[in-house]
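Read through the structure below, which is laid out as structure tokens, and then see the notes.
All figures in this text were calculated on a predicted structure; none of them were measured in a lab. Numbers here simply count residues along the sequence, with the first being 1.
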Amino acid sequence: MPTREEIVILAQTALAHAYAPYSKFPVSAVVVAESGRSYVGVNVENGAYPLSRCAEQIAVGAMVAAGERAIREVLILSTSAEPATPCGACRQILAEFAGEDTPVVCRNTAGKERRFKLGELLPAAFRLEDAR
């Protein structure tokens with residue numbers, strides 16, 4: 001299992017690679033899978049704005065592409081004055097692979113953190129079992 005500092009370093013390194021020419025709001029995310037492996041994502045914007053992807057979506061996609069299906073922890077790093085929380089769509093994507101008690105740490109580049117459980121960010125999430 002990576003340490004918190006290792007996760008932060010991964011997020012900081014990735015943040016420099018975010019592609020945010022429109023919003024000027026770079027974000028990186030690290031999801032730690034149940035296996036202990038870390039998966040990194042950055043936001044990737046597009047001129048056709050709805051095609052843009054959030055950092056959390058890309059990190060989860062990398063985890064799924066590697067064959068993993070369960071998130072142990074999430075770290076989101078932003079350059080904002082206050083640590084940014086995941087958007088609504090990302091909350092739902094995280095809920096597909098994480099339980100309501102999964103820690104979500106939101107941090108800014110100045111080191112300020114806000115900690116949540118996923119269930120606090122998305123109460124009554126729509127889950128696979130709800131589709132049956």
Side-chain angles (χ1 to χ4, degrees):
M1 176 75 172
T3 67
R4 171 56 47 80
E5 188 56 35
E6 290 170 331
I7 297 168
V8 169
I9 290 169
L10 282 172
Q12 289 171 334
T13 301
L15 189 62
H17 301 293
Y19 182 72
Y22 302 98
S23 71
K24 308 284 191 254
F25 186 65
V27 178
S28 64
V30 177
V31 295
V32 179
E34 281 298 325
S35 69
R37 287 189 60 197
S38 298
Y39 299 91
V40 180
V42 296
N43 56 328
V44 179
E45 296 179 349
N46 189 281
Y49 212 67
L51 299 178
S52 298
R53 292 292 166 253
C54 297
E56 299 91 330
Q57 294 172 20
I58 291 175
V60 168
M63 179 193 79
V64 170
E68 302 218 45
R69 298 289 189 268
I71 297 172
R72 181 185 292 181
E73 181 180 358
V74 179
L75 177 101
I76 299 159
L77 181 66
S78 64
T79 60
S80 51
E82 292 297 317
T85 60
C87 73
C90 287
R91 293 173 191 205
Q92 183 61 50
I93 288 169
L94 292 169
E96 186 73 15
F97 301 99
E100 57 187 38
D101 290 331
T102 301
V104 178
V105 178
C106 304
R107 182 183 174 108
N108 68 10
T109 51
K112 185 173 183 181
E113 284 189 357
R114 295 177 69 194
R115 297 170 183 258
F116 302 93
K117 291 184 178 183
L118 184 57
E120 294 173 301
L121 293 172
L122 186 64
F126 185 82
R127 302 215 178 254
L128 178 62
E129 56 269 14
D130 297 326
R132 296 183 180 172

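Partner R107 forms a salt bridge (charged side-chain N to carboxylate O under 4.0 Å, His left out) with one of E113, E5, E82 and no other, that one being E113.
Scanning both residues, V31 and A59, for their nearest heavy atoms gives CG2-O, 3.7 Å. Between S28 and V42, the shortest heavy-atom distance links the atoms CB-CG1, 4.1 Å. S38 approaches V30 most closely through the heavy-atom pair CB-CG1, 3.9 Å. The two residues Y39 and A33 have their closest heavy-atom pair at CE1-CB, 3.9 Å. What you find for P83 and C106 is that their closest heavy atoms are CB-O, 3.3 Å. Of all non-hydrogen atoms in A84 and S80, the two that sit nearest each other are N-OG, 3.8 Å.
Side-chain heavy atoms closer than 4.5 Å link hydrophobic residues (I, L, V, M, F, W, Y) into clusters, and following such links, possibly through other members, connects L118 to I71. F97 is connected to V104 through a chain of hydrophobic side-chain contacts under 4.5 Å among Ile, Leu, Val, Met, Phe, Trp and Tyr, so both are in one cluster. Both V40 and I7 belong to a common hydrophobic cluster when Ile, Leu, Val, Met, Phe, Trp and Tyr are linked at side-chain heavy-atom distances under 4.5 angstrom. Following chains of ILVMFWY side-chain contacts shorter than 4.5 Å, one cannot reach I58 starting from V64, and the two form parts of different hydrophobic clusters. Linking Ile, Leu, Val, Met, Phe, Trp and Tyr residues whenever their side-chain heavy atoms come within less than 4.5 Å leaves L15 and L10 in two separate clusters.
Residue R127 qualifies as enclosed at atom CZ: its count of foreign heavy atoms under 6.0 Å is above 12. Other residues, nucleotides and ligands contribute only 12 or fewer heavy atoms inside 6.0 Å of the CD atom of E100.
In terms of modelled atom types and a separation under 3.5 Å, the side chain of N46 and the main chain of Y49 share no donor-acceptor contact. With N43 contributing its side chain and F25 its backbone, the two residues share a donor-acceptor pair below 3.5 Å. Put simply, the side chain of E45 gets close to the backbone of Y22: a donor and an acceptor are under 3.5 Å apart. When atom types are taken as modelled, the side chain of R115 and the backbone of P103 share no donor-acceptor pair closer than 3.5 angstrom. The closest donor-acceptor contact from the side chain of N108 to the backbone of A81 lies under 3.5 Å.
Between K112 atom NZ and S78 atom OG the span is 11.0 Å, to the nearest 0.5 Å. Here the CG-CD distance, from L75 to E6, works out to 13.0 Å after rounding to the nearest 0.5 Å. Residue L122 holds its CG atom at 11.5 Å from SG of C90, rounded to the nearest 0.5 Å. Note that OG1 of T109 is 8.5 Å distant from CD of Q12, once rounded to the nearest 0.5 Å. E56 contributes atom CD, which lies 9.5 Å from atom CZ of R91 (distance to the nearest 0.5 angstrom). A distance of 10.0 Å separates CZ of R69 from CD of E96, quoted to the nearest 0.5 Å.
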side-chain contact (heavy atoms from CB on, under 4.5 Å) for I76 and V27? Distances and angles first, verdict last. CA-CA 7 Å; I76 299 159; V27 178; 3.8 Å; yes

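Within the 4.5 Å cutoff, side-chain heavy atoms of L94 are placed close to those of V60.
R4 and E73 are joined by a salt bridge, as a carboxylate oxygen and a charged side-chain nitrogen come within less than 4.0 angstrom of each other.
Listed by chain and number, the residues in a side chain to side chain donor-acceptor pair (under 3.5 Å) with T13 amount to none (sequence neighbours excluded).
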